[in-house]
Amino acid sequence: MTFRSKAFEIAQSRVSPVLTPPAEKVADLYGINTFSDDVMKTLLSAEAYTKVSNAIRSGSTIDIEVADEVSAAMKSWAISKGATHYTHWFQPLNGTTAEKHDSFFDLTIDGRAVEKFKGSALVQQEPDASSFPSGGLRATFEARGYTGWDPSSPAFLMDNGAGGKTLCIPSVFISYNGEALDYKAPLLRSLVMLDKAATSVCQFFNRDVNKVTPTLGIEQEYFLVDKALYYARPDLLMAGRTVFGHSPARGQQLDDHYFGSISPRVNTFMVDFEFEALKLGIPVRTRHNEVAPGQFECAPTFEEVNLAIDHNALLMDLMQKVGDKHNFQVLFHEKPFAGINGSGKHNNWSLSTDTGINLLAPTSKPKENLRFLTFLMNVVKAVHDHADLLRASISSAGNEHRLGANEAPPSIVSVFLGNDLTSMLEELVNKGEITLEKGENFYYKLGLTRIPNLQRDNTDRNRTSPFCFTGNKFEYRAVGSSQNSASPMIILNTIVANQLMDFKREMDERLASGEEKKVATVEILKRYFTESKNILFEGNGYSEEWIELAKERGLSNIRTTYDALYAYKTDKTISVFERTGVLNSRELHARYEIELENYVKKIQIESRVISDLALNHIVSTVVKYQFKLAQTARSLTDLEMLEEAEPIKEIIRDISSHVVVIKRLVHEMTESRKTANNIDDLFEKAKYYGSNVKYFFDEIRYHVDKLELLIDDEDWPLAKYREMLFLE
Ligand code: ADP
Ligand code: MG
């Protein structure tokens with residue numbers, strides 16, 4: 001019995017754990033494991049509560065007395081709910097979440113046990129964090145890293161499974177010099193800048209707006225594989241994706257999985273992690289099957305960007321933990337299975353004001369629609385001017401399999417606005433000179449009264465667009481499923497903030513020179529539209545014609561991660577980031593290096609896994625099978641059944657031809673890896689890995705997948721696609 005068949009047997013006989021439905025109504029569960037606003041209100045003095053609320057709203061600092069009061073309240077709340085430890089929970093640049101648990105338990109000088117957690121421990125900690133990537137920001141002589149409390153994201157209790165709970169305090173992670181070593185620090189900076197820039201532009205239209213909050217709703221796609229089968233795939237285990245595997249006879253061509261009924265086993269898992277998510281204040285709302293077999297999606301309701309990103313990171317962690325209980329491995333890799341749709345993380349992004357307006361939602365009122373068009377066009381212009389940077393923000397070894405691979409968003413950044421909106425903007429420009437008529441029909445002349453009732457989701461075609469307008473928000477669809485959304489959101493917030501600053505400056509100049517406000521706005525928007533029109537695309541983003549057309553339009557089509565990442569270091573990028581203060585050039589450079597290093601490591605690991613599997617699992621199995629065939633052929637020959645022996649010999653030869661090529665290719669790939677490892681320059685190394693080493697992946701795969709069809713099914717060592725993907 002092979003390991004694989006044993007695994008399959010186990011997977012077939014799984015029984016879902018019985019869920020005890022929580023006593024409370026679902027709504028009552030919501031947020032019970034978070035140190036929420038309500039909890040603070042009950043546990044803090046009125047003065048401390050006000051100070052914390054102000055800090056959350058306006059970013060004002062919290063003095064140590066207040067921190068002491070908050071920490072005391074947090075401690076008693078957490079302990080009363082069964083917590084034994086606390087940790088600063090942060091998001092280092094290796095793409096995971098990090099925690100180092102400290103016990104509340106402490107000893108006094110005279111040896112008595114006490115439970116301790118002071119304000120200073122809440123506000124700042126110094127984890128031994130020297131092994132997190134810093135891209136050279138921490139020289140060895142100053143290897144310290146600090147985590148600092150982010151009061152705008154509520155602390156929460158994480159169940160460790162073994163009885164104890166840990167109080168997790170969302171935090172930033174910075175170096176001794178204050179440079180960002182994580183995703184959250186620059187994200188928070190970008191949100192402050194965007195708020196400022198958007199609020200000042202809003203004031204041209206609504207004087208009562210004092211704050212603009214960027215919002216984000218993240219749709220998370222993932223695959224589920226039974227644990228036993230997962231362990232029967234060393235490639236999934238080591239690299240998160242299958243490096244070999246012949247397509248099953250039936251894939252997704254029948255389109256019968258998408259939105260189909262969810263199997264009971266999967267459904268039980270979903271219900272379980274959703275309960276846990278709700279307790280942590282994650283507003284999970286939709287669940288459904290995705291396009292590919294074995295693929296699913298989970299989408300919480302949108303929240304403030306910072307919260308949405310923390311919640312997504314937490315949700316991924318939670319899904320994995322709950323998955324263990326259900327014997328599922330959750331695959332977040334962008335492309336776990338070749339020939340089958342990959343996974344993305346769709347980032348729905350918008351801007352909302354403290355007066356309750358969604359700035360990207362058109363309305364029926366002409367005045368409001370000029371505001372809507374202003375924000376819409378500023379986003380389009382920002383994306384147009386910094387398309388390469390947006391492309392860089394979603395580049396990784398995993399996402400490289402999706403982007404431009406004919407089934408996921410293309411590697412060309414374009415914006416979908418929908419025909420209605422595009423033709424309206426065109427009309428606006430083509431009206432030519434603006435006649436300075438005042439009054440109601442002023443707008444009518446500009447075509448502004450007639451913003452059509454946009455269909456909220458004219459999806460079919462915008463599915464192929466990496467960045468599309470969906471009626472009241474933009475959806476950045478090209479983000480990879482395993483990525484931390486902060487990376488694209490930092491970029492998007494920053495380029496839009498920068499763009500709004502430009503808009504404001506020009507408006508101020510025009511107004512100072514006596515131009516009428518509406519005229520000035522329309523004039524600027526017309527120019528933006530003309531300047532960024534070439535990035536608008538309504539057609540099929542997966543088509544060959546688009547690649548050609550995009551080339552004619554002069555749009556970038558960057559296919560590889562190492563080339564895409566370059567945008568992090570250009571003068572243009574540095575100047576935008578330094579102007580807004582989101583990242584300095586050292587921090588940008590560090591990010592560039594970390595991403596490149598990550599890329600090298602991923603390809604290196606995959607290459608090693610391929611060598612190992614090809615030689616120690618595939619070739620060795622195949623040779624044994626050949627021996628069986630040879631014995632059969634010899635027996636037939638002994639019986640003088642030469643004709644009957646011939647087809648068997650033919651199979652032996654066929655198998656041999658593949659084995660010979662596999663052995664040669666693995667050898668060549670290993671040599672190529674050696675060459676790559678000797679390259680000092682990081683970019684050149686990444687390029688060598690991404691082109692020369694990676695070149696062998698598909699070559700080797702081709703022959704291994706052929707062998708999968710030649711070898712007796714009983715002997716094949718790796719779990720097959722049909723076994724992993726069609727499990728009920
Ligand atoms: P659906 O009915 O398909 O869920 P929606 O357009 O309501 O369609 O939502 C799609 C995704 O967009 C959801 O993840 C949702 O949370 C998010 N979303 C909706 N409105 C906003 C908004 N104003 N800002 C950010 N995300 C939003
Ligand atoms: Mg989706």
Side-chain angles (χ1 to χ4, degrees), residues 30 187 190-191 194-195 198 202 209 211-222 258-260 262 270 273-274 277-278 281-291 296-316 319 343-363 368 371-372 375-376 378-380 382-383 409 415-418 420-421 453-463 465-481 483 485-486 488-493 496-497:
Y30 184 65
L187 178 73
S190 76
L191 291 168
L194 182 52
D195 170 17
C202 241
V209 170
K211 187 174 170 63
V212 172
T213 306
T215 52
L216 175 63
I218 300 176
E219 300 165 49
Q220 176 72 53
E221 295 177 341
Y222 61 96
Y258 192 50
F259 279 36
I262 301 171
M270 289 176 169
F273 86 71
E274 284 172 5
L278 286 170
I282 306 172
V284 281
R285 210 171 57 99
T286 56
R287 57 168 101 122
H288 62 77
N289 289 350
E290 258 301 329
V291 176
F296 308 91
E297 181 185 293
C298 164
T301 304
F302 70 95
E303 303 176 274
E304 281 176 40
V305 172
N306 179 40
L307 263 188
I309 289 175
D310 279 2
H311 281 166
N312 178 254
L314 194 51
L315 186 67
M316 289 169 75
M319 285 167 75
S343 298
K345 174 151 31 206
H346 304 165
N347 282 231
N348 297 276
W349 176 93
S350 190
L351 296 167
S352 88
T353 68
D354 56 349
T355 55
I357 302 165
N358 176 352
L359 293 171
L360 290 172
T363 72
E368 292 178 359
R371 182 191 67 212
F372 160 69
F375 281 93
L376 182 88
N378 272 285
V379 175
V380 172
V383 173
V415 180
F416 176 100
L417 288 183
D420 292 346
L421 205 46
N453 254 338
L454 297 162
Q455 278 179 310
R456 291 204 60 201
D457 212 25
N458 33 3
T459 13
D460 250 19
R461 271 177 314 149
N462 69 25
R463 276 186 157 269
S465 171
F467 197 92
C468 48
F469 183 70
T470 55
N472 58 357
K473 60 192 176 288
F474 278 98
E475 181 174 0
Y476 194 15
R477 300 176 61 90
V479 181
S481 49
Q483 248 191 297
S485 275
M489 287 302 112
I490 292 166
I491 304 287
L492 184 60
N493 293 339
V496 172

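Numbering of ligands and ligand atoms starts at 1, following listing order. Side chains are part of it too, since the values below use all heavy atoms of this structure and drop only hydrogens, waters and symmetry mates.
By heavy-atom distance, the residue among Asn348, Asn472, Asn347 lying nearest atom 11 (C) of ligand 1 is Asn348. Looking at Gln220, Lys473, Glu303 and measuring to atom 9 (O) of ligand 1, the nearest heavy atom belongs to Lys473.
Side chain of Asn493 to backbone of Met489: a donor-acceptor contact under 3.5 angstrom is found.
Distances between N or O atoms of Phe302 and those of ligand 1 include at least one value under 3.5 Å. Of the N or O atoms in Arg285, one or more lie within a sub-3.5 Å distance of an N or O in ligand 1.
Annotation for ligand 1: atoms under 4.0 Å from non-hydrogen atoms of Ser350 are 22 (C), 23 (N), 24 (N). Ligand-side atoms of ligand 1 in range of Asn358: 23 (N), range being under 4.0 angstrom from any heavy atom. Residue Thr215 has at least one heavy-atom neighbour below 4.0 Å for each of these atoms of ligand 1: 22 (C), 23 (N), 24 (N), 25 (C). Below 4.0 Å from some heavy atom of Thr301 lie the following atoms of ligand 1, by number and element: 16 (O).
Using modelled atom types and a 3.5 Å distance limit, the side chains of Asn348 and Glu219 yield a donor-acceptor pair. In this model, no donor atom of one side chain and acceptor atom of the other lie less than 3.5 Å apart for Asn358 and Ser352.
Every residue was checked against the salt bridge (charged side-chain N to carboxylate O under 4.0 Å, His left out) condition with Glu303, not counting sequence neighbours, and none meets it.
Within the 4.0 Å heavy-atom cutoff, Pro300 counts among the residues contacting ligand 1.
Taking the side chain as every heavy atom from C-beta outward, Glu274 and Met319 never approach each other to under 4.5 Å. Looking at Trp349 and Pro214, their side chains come closer than 4.5 Å, going by heavy atoms from C-beta outward.
Between Phe469 and Phe416, a ring centre-to-centre spacing not shorter than 6.0 Å is recorded.
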